[in-house]
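Naming: A, B, ... by sequence-line order, numbering from 1 per chain.
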Amino acid sequence: MKTEKNLPRNPSSIKTRFAVKFLQAMNKMNKRKNPSTSMAVKYKRYQFIRAAATSSMASAVGPRRAWSRAVLRKMRNHTAIHRFPMNNKTRTTRRFPITRRKRSSILRGNPRQEDDLGFGQEDDLRGLVPGGQGMDFCRLLSETAHYIKCLKTQVQVMTNVLHHYST
Amino acid sequence: MSSRRSRSRQSGASRISDDQIADLVSRLQQLIPEIRNRRSDKVSASKVLQETCNYIRSLHREVDDLSDRLSELLESTDSDSAQAAIIRSLLM
């Protein structure tokens, strides 16, 4: 199958869905164009774009992955908090107790490698992948692989958009 | 914080075998440019995880950087025609 590097094979692929959603968000932002170029406004714009990228990707993936579900959940909670700031009950953070996490035995053999216990990497990874806290190790690895693929796609599309804007 | 040393409790009835985990780790290894070319028997699992974390962090930084540059560009561009061009090129 001949495929060009920048074009998706499947029109409804994650890449395309992400690109469309991301551009729609950018378009929405542009509609409320703010002539001011103060640092605060600039930072807000940056934050908005970054959030749009994350949420567009999670939305393009949909609920089929634990990491995208975690991102979508966080977005819903975030929106609810901002709409009802006085209500503390709106915040729902699901934290699983640490004892429920199943430690991987494959790390047992390398206790004193670059890190102290051999678990540092696993914990770091759980912190980096959305929703990583509550998963067993096997699921964590599988989610990480998908998450990385989607992050790469995200970077690719954003780079393309940037190039189109700057030429 | 928690008793991290309780990890030795890998029960015999565990449904997740080490082979499965090794397979997932090697699949991760293929995704990471740093260590993609080394064969799996030369790269330990903890090294793969460490490089995975580093790679994810660098991807996050790239997204941050791209968001920053995009926001600066948006200040000064009329985007509608550019967007139409982008969408066309992506969906073609």
Side-chain angles (χ1 to χ4, degrees), chain A residues 6-8 11 15-16 19-20 23 26-27 29-30 37 42 45-50 53-54 97-99 102-110 113-115 117-119 121-122 124-125 128-129 136-138 141-142 144-145 147-149 151-152 154-155 157-162 164-166, chain B residues 1-10 14-18 20-25 27-28 30-32 44-57 59-60 62-80 82-83 85-87 89-92:
Chain A
N6 291 328
L7 299 181
K15 180 173 176 176
T16 311
V20 171
L23 288 169
M26 300 256 280
N27 195 29
M29 186 182 86
N30 252 356
T37 51
K42 276 191 186 181
R45 199 177 285 136
Y46 154 74
Q47 275 184 313
F48 182 87
I49 293 185
R50 199 179 48 169
T54 308
I98 290 173
T99 46
K102 189 180 164 70
R103 299 295 186 180
S104 165
S105 66
I106 205 170
L107 295 175
R108 237 193 295 169
N110 307 302
Q113 295 243 344
E114 283 110 324
D115 145 275
L117 293 171
F119 286 136
Q121 300 100 349
E122 183 181 333
D124 285 347
L125 193 60
L128 287 168
V129 175
D136 65 62
F137 191 62
C138 234
L141 293 180
S142 157
T144 303
Y147 183 57
I148 287 182
K149 282 190 209 158
L151 275 178
K152 283 161 94 164
Q154 192 175 328
V155 166
V157 171
M158 288 174 81
T159 307
N160 285 342
V161 172
L162 190 67
H164 273 95
Y165 270 115
S166 35
Chain B
M1 210 153 118
S2 64
S3 66
R4 302 171 87 162
R5 307 251 177 224
S6 61
R7 60 185 157 122
S8 49
R9 253 190 277 137
Q10 167 107 18
S14 160
R15 280 186 286 275
I16 301 169
S17 67
D18 277 355
Q20 252 179 297
I21 292 186
D23 177 54
L24 286 166
V25 168
R27 271 206 275 156
L28 259 185
Q30 295 307 308
L31 290 172
I32 302 166
S44 70
S46 66
K47 176 78 172 167
V48 172
L49 286 194
Q50 192 182 329
E51 291 302 325
T52 305
C53 291
N54 291 340
Y55 189 50
I56 292 182
R57 287 192 195 106
L59 285 171
H60 283 168
E62 254 191 282
V63 170
D64 288 349
D65 175 59
L66 286 166
S67 304
D68 191 30
R69 287 156 71 185
L70 275 170
S71 76
E72 285 184 13
L73 240 114
L74 275 181
E75 272 179 55
S76 45
T77 326
D78 167 36
S79 61
D80 292 332
Q83 274 182 42
I86 296 166
I87 294 180
S89 72
L90 287 172
L91 294 177
M92 214 156 39

- [ ] Answer whether the closest heavy-atom distance between the side chains of B:Tyr55 and A:Lys152 falls below 4.5 Å.
- [x] yes
TODO: Identify, with sequence neighbours excluded, every residue that meets side-chain contact (heavy atoms from CB on, under 4.5 Å) alongside B:Arg27.
DONE: B:Asp23, B:Leu24
Task: salt bridge (Lys or Arg N to Asp or Glu O under 4.0 Å) involving B:Asp68 - partner list, sequence neighbours excluded - done: none
Task: Spatial distance of atom SG (B:Cys53) from atom CG (A:Asp124) [nearest 0.5 Å] - done: 5.0 Å
Open item on the list: Counting only non-hydrogen atoms closer than 4.5 Å, does A:Phe48 touch chain B with its backbone (N, CA, C, O), its side chain (CB onward), both, or neither?
Closed with: neither
TODO: For residues A:Val155 and B:Leu66, report the shortest heavy-atom separation together with the two atoms involved.
DONE: O-CD1, 3.7 Å
Task: Spacing of CE belonging to A:Met29 relative to CG belonging to B:Leu70, to within rounding of 0.5 Å - done: 8.5 Å
Task: Residue among B:Thr52, B:Asp64, B:Leu28 with most heavy-atom pairs under 4.5 Å to chain A - done: B:Asp64
- [ ] Give, for atom CG of A:Leu125 and atom CG of B:Leu49, the distance between the pair rounded to the nearest 0.5 Å.
- [x] 6.0 Å
Task: Gap separating the CD atom of B:Glu62 from the OG1 atom of A:Thr159, nearest 0.5 angstrom - done: 6.5 Å
TODO: Report the distance from atom CD of A:Glu122 to atom OG of B:Ser46, rounding to the nearest 0.5 Å.
DONE: 11.5 Å
Task: Point-to-point distance, once rounded to the nearest 0.5 Å, from CD1 of B:Ile56 to OG1 of A:Thr144 - done: 5.5 Å
Task: Beyond-backbone contact of A:Gln121 with B:Val48, side-chain heavy atoms, under 4.5 angstrom - done: no
- [ ] Determine whether A:Met158 and B:Ser67 make a side-chain contact, defined as any pair of heavy atoms from C-beta on separated by less than 4.5 Å.
- [x] yes
